[in-house]
Amino acid sequence: MTEKLHCPVPVPYGMLDHSVGREGRTMFEISRRDMILGAAGSYAAFGLDKPIAFVGTALAQQSTTQLFRKYKVGDIEIFSLVDGMRDVPLPEGVVRNVGLEQVKTVLRTAGRPDSQWPRRYIVMAVKLRDQLVLIDSGTGGHTVYGAGTGRLFESMAAAGLDPKAVKTILISHLHGDHIYGLMNNETNAQVFPDVEVVIPAAEMNWWTRPGVETLDLGPTRKGLARRIQTTLATWKNVRLFEGEPELLPGVRVVQAPGHSPGMVTHLLSSGDKQFLISADVVNFAPQIHANPEWQLAIDQDPQMAVETRKKIFDRAVADKLTISGTHWLMPNAGTFTRDGNSYVFVAEG
């Protein structure tokens, strides 16, 4: 890891408003009523995504009401589980090296309102033969992420997945919308007390180093370092790793620093097929693949995030990977091709 990773760029504006979300509860406090959500109620709770140009109108309309999508890579089953959907006012400075009007043009081209940032929170689940694995844990309904988040268990129920069957949770990085689903919002008690939580050592080291809690990293990360230090850093069921190991059979780590200093992605392989779960390599979903040089203020090191993004996209093209992202519009998985200095994303049906 280079020294550059230890100099985060503060986020200079409020990315999200602070409307109230649901209170955190442990997995064992989720009632049958919570777990069995009627389809009509689910769709009303989330609203509908408008079609976006690069996935095709018919596909987008088909996918907007779903709480999950299912993919297969050889004998591995992969689920995109909706943890929340909301649009927030588009802030000045969302992209550091591009003016707001250019960002608005991209939003309009993608068929989106040019005054709003579509925020999507998606947790990936993986069925590896006889085990169920989560990759990240979502927002946990923490109020900083607003109303309509913290829906992971409802989406798991819709997909026929039992939270009690989860034995391993692989963490890409330690931002709240990826780890707050591990802990109760009121007590910090573990939601998955019997699960092994696997975290990049570089990420844990950065968030627990002296003085990190005094850095201004934006409103959604206020108190984050302290919460990590009093929870994950002390839990006995946390396992740290370094480098790019195979964490589970068919699941290998790919380093992806920039958005957070020690962020990783997870590459799933079965036979000759591969699927890359790319975490927050892209945060601004509408057509950033066509603008890989954009430096997002939400990234802690925006320039490094650009370099990582292009490396990940190039690998996806060269290796013909299926690739997904945490904050992409649904359907959030597909393939990339090169188009000059930009990339073309085609979502899977």
Side-chain angles (χ1 to χ4, degrees), residues 4 8-9 11-13 15-16 49-57 59-60 87-122 172-173 175 177 218 254 256-260 263 265 276-319 321-348:
K4 188 174 183 181
V9 177
V11 180
Y13 59 88
M15 277 82 70
L16 301 175
D49 279 335
K50 293 182 180 178
I52 53 179
F54 65 89
V55 300
T57 302
L59 176 58
D87 293 346
V88 300
L90 184 68
E92 184 77 44
V94 63
V95 183
R96 290 161 47 91
N97 59 340
V98 168
L100 189 61
E101 286 305 313
Q102 186 172 342
V103 177
K104 289 183 174 182
T105 298
V106 166
L107 284 167
R108 288 193 295 269
T109 301
R112 307 293 309 179
D114 66 6
S115 62
Q116 295 179 318
W117 181 356
R119 298 295 290 159
R120 303 296 181 260
Y121 302 92
I122 297 169
S172 63
H173 63 294
H175 288 169
D177 53 329
V254 177
H259 174 67
S260 190
M263 190 177 80
T265 64
L276 183 67
I277 299 175
S278 73
D280 287 10
V281 167
V282 170
N283 270 278
F284 191 86
Q287 292 191 324
I288 195 176
H289 56 283
N291 302 276
E293 299 282 351
W294 279 14
Q295 295 182 16
L296 299 181
I298 200 171
D299 294 332
Q300 287 182 239
D301 187 331
Q303 181 55 50
M304 179 167 284
V306 168
E307 296 167 8
T308 290
R309 185 179 304 127
K310 290 192 290 187
K311 287 178 183 178
I312 292 291
F313 285 2
D314 284 343
R315 182 167 182 170
V317 173
D319 294 348
L321 305 178
T322 301
I323 183 171
S324 72
T326 299
H327 300 292
W328 299 6
L329 303 178
M330 292 284 271
N332 74 321
T335 56
F336 278 118
T337 56
R338 283 298 298 262
D339 181 15
N341 292 326
S342 63
Y343 304 82
V344 177
F345 175 77
V346 178
E348 285 203 1

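All values derive from a computational prediction rather than experimental measurement.
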Give, for atom [atom1] of [X] and atom [atom2] of [Y], the distance between the pair rounded to the nearest 0.5 Å.
{"X": "Thr109", "Y": "Asp114", "atom1": "OG1", "atom2": "CG", "answer": "10.5 Å"}
{"X": "Gln102", "Y": "Thr105", "atom1": "CD", "atom2": "OG1", "answer": "7.0 Å"}
{"X": "Ser260", "Y": "Met304", "atom1": "OG", "atom2": "CE", "answer": "12.0 Å"}
{"X": "Ile122", "Y": "Leu329", "atom1": "CD1", "atom2": "CG", "answer": "8.0 Å"}
{"X": "Asn341", "Y": "Lys310", "atom1": "CG", "atom2": "NZ", "answer": "8.0 Å"}

Other residues, nucleotides and ligands only: do more than 12 of their heavy atoms fall within 6.0 Å of NZ on Lys311? no
Is there side-chain contact between [X] and [Y], with at least one heavy-atom pair below 4.5 Å?
{"X": "Met263", "Y": "Thr308", "answer": "no"}
{"X": "Val282", "Y": "Pro292", "answer": "no"}
{"X": "Ile312", "Y": "Ile323", "answer": "yes"}
{"X": "Leu276", "Y": "Arg315", "answer": "no"}
{"X": "Glu348", "Y": "Thr322", "answer": "yes"}
{"X": "Phe284", "Y": "Leu90", "answer": "yes"}
{"X": "Leu296", "Y": "Val95", "answer": "yes"}
{"X": "Arg338", "Y": "Phe313", "answer": "no"}

Asp314 with Arg309: basic N within carboxylate O range, under 4.0 Å: no
Quick check: closest heavy atoms across [X] and [Y], and the distance to 0.1 Å?
{"X": "Ala305", "Y": "Asp299", "result": "CB-OD2, 3.3 Å"}
{"X": "Asn332", "Y": "Gly325", "result": "ND2-O, 3.0 Å"}
{"X": "Ala297", "Y": "Gly93", "result": "CB-O, 3.4 Å"}

May I ask you to decide if the ring planes of [X] and [Y] are parallel, tilted or perpendicular, using 30° and 60° as cut-offs?
{"X": "His327", "Y": "Tyr121", "value": "perpendicular"}
{"X": "Trp328", "Y": "Phe345", "value": "perpendicular"}
{"X": "His259", "Y": "His173", "value": "perpendicular"}

Check whether any side-chain N or O of Asp339 sits under 3.5 Å from a backbone N or O of Val344 as a donor-acceptor pair, and report yes or no. no
Between His175 and Asp280: side-chain donor-acceptor atoms closer than 3.5 Å: no
Check the pair Gln295 / Val98 against side-chain contact (heavy atoms from CB on, under 4.5 Å), numbers first and verdict last. CA-CA 8 Å; Gln295 295 182 16; Val98 168; over 6 Å; no
